[in-house]
Amino acid sequence: MNQDVKEILYDEAALARRVAELGKAISQDYAGKDLLVVGVLKGAVVFFSDLIRAIETPLEMDFIAVSSYGRQTSTTGKVRFIKDLDVSVEGRHVLIVEDILDTGNTLKYLYDVMCSRKPASVKICALLDKPSRRTAEIDADYVGYVIPNAFVVGYGLDYAERYRNLPYIGVLKEEVYQ
Ligand code: 5GP
């Protein structure tokens, strides 16, 4: 285990099992529909790449990148587009894939932007959900795990751009970011 990690919450096997379940549910719900899976860079990339391979229905993928001003270990509420989609969402079923739903500011913003572009539908899939931290009115349609209020890293999630390559999700030791 990485020396900065206090505790492993979900190891590789647990993540693989849960991603397979999510993929199955999404495959059933989107059968016969024009599905566009939108990954939110960079944190969702690892989850995204596993998830799309667990979805059996045809899909197209694209990415967006957003940044929140002044973030340390939480967002401040102001969200900024760094990279928009390359394709149009008009008339299509959009599934936004995000690493973690925390205050909800990021996903609320992305959800509203996508909805304004005349899609057939917009849904959210978040690997992790911290409902106790929510300030924005938004929920995910598919959630991997509901977790308590701890700062987690690994499986794409970073602290100061580190730890994204850990194959598990773990709680970062407080002394690393305090
Ligand atoms: P929100 O806008 O919902 O507050 O925050 C969403 C973003 O904050 C996530 O996409 C993620 O980048 C970051 N974030 C929130 N909680 C955590 C956490 O526990 N660990 C890491 N690494 N990032 C987090």
Side-chain angles (χ1 to χ4, degrees), residues 1-12 14-15 18-19 22 26 36-52 61-85 94-116 122-178:
M1 184 165 87
N2 185 290
Q3 60 178 9
D4 296 342
V5 171
K6 187 164 74 175
E7 175 198 357
I8 293 178
L9 291 184
Y10 305 107
D11 63 14
E12 281 184 82
L15 289 166
R18 191 67 190 116
V19 170
L22 290 171
I26 292 166
L36 175 68
V37 187
V38 173
V40 185
L41 299 172
K42 304 174 202 170
V45 157
V46 178
F47 172 47
F48 182 96
S49 68
D50 284 343
L51 183 69
I52 57 164
M61 63 183 212
D62 201 353
F63 295 95
I64 39 181
V66 288
S67 140
S68 308
Y69 289 111
R71 190 170 78 214
Q72 291 295 314
T73 54
S74 72
T75 52
T76 56
K78 286 182 186 169
V79 184
R80 185 169 58 102
F81 252 107
I82 295 175
K83 183 214 169 291
D84 202 343
L85 293 175
V94 177
L95 179 64
I96 304 173
V97 175
E98 175 62 306
D99 51 7
I100 184 164
L101 185 49
D102 186 29
T103 65
N105 286 323
T106 309
L107 275 169
K108 172 75 176 136
Y109 174 79
L110 289 177
Y111 181 82
D112 289 348
V113 169
M114 291 304 147
C115 286
S116 72
V122 182
K123 283 191 179 182
I124 292 170
C125 176
L127 176 64
L128 303 173
D129 185 7
K130 285 191 219 173
S132 63
R133 298 250 313 155
R134 197 83 83 259
T135 52
E137 256 185 62
I138 189 90
D139 271 314
D141 301 280
Y142 305 93
V143 172
Y145 298 102
V146 175
I147 62 167
N149 182 18
F151 192 79
V152 294
V153 293
Y155 198 63
L157 286 152
D158 75 311
Y159 174 65
E161 295 301 327
R162 290 184 61 200
Y163 313 107
R164 291 193 196 276
N165 58 325
L166 298 179
Y168 50 82
I169 289 183
V171 178
L172 194 63
K173 287 180 181 167
E174 280 88 3
E175 58 260 37
V176 178
Y177 57 87
Q178 271 168 2

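Read the numbers this way: they start at 1 and go in the same order the structure lists the ligands and their atoms.
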Using only atom types and a distance under 3.5 Å, with no angle test, would you say the side chain of Asp62 pairs donor to acceptor with the backbone of Val38? no
Proximity flag Lys108 to ligand 1, non-hydrogen atoms under 4.0 Å: no
Under 4.0 Å to a heavy atom of Lys130 - the qualifying atoms of ligand 1, by number: 16 (N), 17 (C), 18 (C), 19 (O)
Counting from 1 in the order shown, the ligand 1 atoms closer than 4.0 Å to a non-hydrogen atom of Ala150 are 19 (O)
Tell me, do Ile100 and Lys130 make a side-chain contact under 4.5 Å, heavy atoms counted? yes
Polar contacts were defined as any N/O atom of the residue lying under 3.5 Å from an N/O atom of the ligand; does this apply to Asp158 and ligand 1? yes
Using side-chain hydrogen bond (donor to acceptor under 3.5 Å, both in side chains) as the criterion, list what pairs up with Arg134, not counting sequence neighbours. Asp129, Asp139
Non-hydrogen atom of Gly104 closer than 4.0 Å to ligand 1: yes
Considering only heavy atoms, does Asp99 approach ligand 1 within less than 4.0 Å through its side chain, its backbone, both, or neither? side chain
List every atom of ligand 1 that sits less than 4.0 Å from any heavy atom of Asn105, numbering the atoms from 1 in the order shown and giving each element. 2 (O), 3 (O)
What are the atoms of ligand 1, with element, lying closer than 4.0 Å to any heavy atom of Thr106? 1 (P), 2 (O), 5 (O), 6 (C)
When you compare the side chain of Tyr145 with that of Val152, does any pair of heavy atoms fall below 4.5 Å? no
Can you tell which of Asn165, Asp99, Asp50 makes a side chain to side chain donor-acceptor pair (under 3.5 Å) with Tyr155? Asp50
State whether the shortest distance between N or O atoms of Val152 and N or O atoms of ligand 1 falls below 3.5 angstrom. yes
Plane angle bin for Phe48 and Phe63 - parallel if under 30°, tilted between 30 and 60°, otherwise perpendicular: tilted
What do we get for Arg133 next to ligand 1 when only non-hydrogen atoms under 4.0 Å count, side chain, backbone, both or neither? neither
Quick test of your reading of the structure: of Thr103, Leu128, Val79, whose heavy atom lies closest to atom 4 (O) of ligand 1? Thr103
Counting from 1, what ligand 1 atoms have a heavy atom of Glu98 closer than 4.0 Å? 10 (O)
What distance separates Leu85 CG from Leu36 CG, expressed to the nearest 0.5 Å? 6.5 Å
Mind checking the CD1-CG spacing from Ile26 to Leu95? Nearest 0.5 Å is all I need. 5.0 Å
Shortest non-hydrogen contact from Val176 toward Tyr159: O-CE2, 3.9 Å
Using a strict 4.0 Å cut-off to heavy atoms of Asp102, name the atoms of ligand 1 that fall inside it. 1 (P), 3 (O), 4 (O), 5 (O), 15 (C), 16 (N)
Whether Phe151 lies under 4.0 Å from ligand 1, heavy atom: yes
Ala136 near ligand 1 by a heavy-atom separation under 4.0 Å: no
Name each donor-acceptor pair under 3.5 Å that joins a side chain in residues 167-175 to protein atoms two or more places apart or in another chain, with its distance.
residue : atom : partner : partner atom : Å
Tyr168  : OH   : Asn2    : N            : 3.0
Lys173  : NZ   : Gln3    : O            : 2.6
Glu174  : OE1  : Lys6    : NZ           : 3.3
Glu174  : OE2  : Lys6    : NZ           : 3.1

Examine Leu107 against ligand 1 and note whether any of their N/O atoms are separated by less than 3.5 Å. no
